[in-house]
Number of protein chains: 2
Amino acid sequence: MSDPSPGLNAEQLGAYFALMEVSSLLQYAVDEHLRADGDLSYVQFQILARLVDSPEGRLRMTDLADGVVYSRSGLTYQAGLLEKRGLITRAPSPDDERSVMVTVTDAGRALIAHVLPGHVERVRQLLFEPMRGRDLVTLGGVLGRVREHMRATPPRSAKPRAGRNRAE
Amino acid sequence: MSDPSPGLNAEQLGAYFALMEVSSLLQYAVDEHLRADGDLSYVQFQILARLVDSPEGRLRMTDLADGVVYSRSGLTYQAGLLEKRGLITRAPSPDDERSVMVTVTDAGRALIAHVLPGHVERVRQLLFEPMRGRDLVTLGGVLGRVREHMRATPPRSAKPRAGRNRAE
DNA sequence: GCTTGATCGTTCGAATTCTAAGCAAGTAAG
DNA sequence: CTTACTTGCTTAGAATTCGAACGATCAAGC
């Protein structure tokens, strides 16, 4: 089938829609649990989880925003909320006086530890339960490659940093 | 996450994060294009696309909201915007006086036709370009099953009008 | 030192989104 | 027909989100 307009075939369209629909449904489900179990929105959970997962438990605002795919101003707002609850602290970086280092507090770590089992359980139940055989391996591999591809090809969506795109 | 608790293994966690990250990045990218090319948000595009794709070009508000995974009030708001722009019309259903049938206008169809090629091209470029071999088939199959699974297991997000009576 | 330009984070205003409450219309039981 | 319950959509108000504008800091170049 050599059609002049290189669009998407039915299979591709189906996969695209399924991807967006699954991610939406999954986000709704886990968001509900996080709010009930720890009074956290999904974004807040992502922020804290990334911090807990980082080497020193701290990250720059910009890197955090890039990581969770979020606007800078939105992160400022959420960081304000999380700081008010004592889950993170903010301090200007010693190296870069203009950048702000965000650090998880013990309370933040405790909260993540508290909600993580239930969170993970929901994800397992909704996302991984219907998978069979090599589904998981393939899915992880493909999506990983796609992520790399998207991060390396910034159309204009997220602008990580202008200077160093190739040096990763 | 170096904790081998009975939750998700590293591979599952990676796939989960990749899924959410890819969908976010993809949504940002296509949203940007839709705004530039047709002054449409991603949600508005989804609404119009679903209508165009429906048999008569019309759907009930509720079915539309369930389809795009959106709150009822949010849909009311967006429908108001789209109606004001002449892209859809709203009229009470003859059968059920309380339900509202939303119909795409010719202008709505024309707008979707106008933005669709560019939209599809972006999706192809970002999502399907890095895929090889049977990646697409597997991805579509798995995500389709997962979607079915999630739709059949309503945590609370959408209630597709089934006999599920649980009075508290 | 002193410019020029880029980067970092916040603030501001407008737009969007959600939940809860409300109203209208259908359904079931008596 | 009336009462009670359910469903479909809208309204009201608060919370969240983004982009643009802003001040502050760094990095080069002179």
Protein-nucleotide distance (Met101(B), atom CE; dC9(D), atom C1'), rounded to Å: 14 Å
With ILVMFWY side chains joined below 4.5 Å, transitively, what does Val137(B)'s cluster contain besides itself? none
Set of salt bridge (Lys or Arg N to Asp or Glu O under 4.0 Å) partners for Arg98(A), sequence neighbours left out: Asp96(A)
Could you state the atom-to-atom distance from CG of Leu34(A) to C1' of dT16(D) in whole Å? 17 Å
Take atom CG of Asp66(A) and atom P of dC18(D), then tell me their distance rounded to the nearest Å. 13 Å
Nucleotides 10-17 of chain C: protein proximity per nucleotide (B base, S sugar-phosphate only, - neither; heavy atom, under 4.0 Å): BB---SBB
Atom-pair distance (OH on Tyr42(A); P on dT16(D)), nearest Å: 17 Å
Straight-line distance of Leu26(A) CG to Arg122(A) CZ, nearest 0.5 Å: 10.5 Å
Under the rule for side-chain hydrogen bond (donor to acceptor under 3.5 Å, both in side chains), what residues qualify as partners of Glu11(B), not counting sequence neighbours? none
Output the rest of the hydrophobic cluster of Tyr77(B): all Ile, Leu, Val, Met, Phe, Trp and Tyr residues reachable through side-chain heavy-atom contacts under 4.5 Å, sorted by chain and number. Leu81(B)
Distances under 3.5 Å only, N/O to N/O: pair up the protein atoms with those of nucleotides 25-28 of chain C.
from: dG26(C); atom 1: OP1; to: Glu97(B); atom 2: N; distance (Å): 2.9

With Val52(B), the side chain to side chain contact (heavy atoms under 4.5 Å, CB included) member among Ile47(B), Ile112(B), Leu111(B): Ile112(B)
Taking the side chain as every heavy atom from C-beta outward, state whether Arg72(A) and Asp66(A) have any pair of such atoms under 4.5 Å apart. yes
With a 4.0 Å cut-off, would you call Glu148(B) and Arg145(B) a salt bridge? no
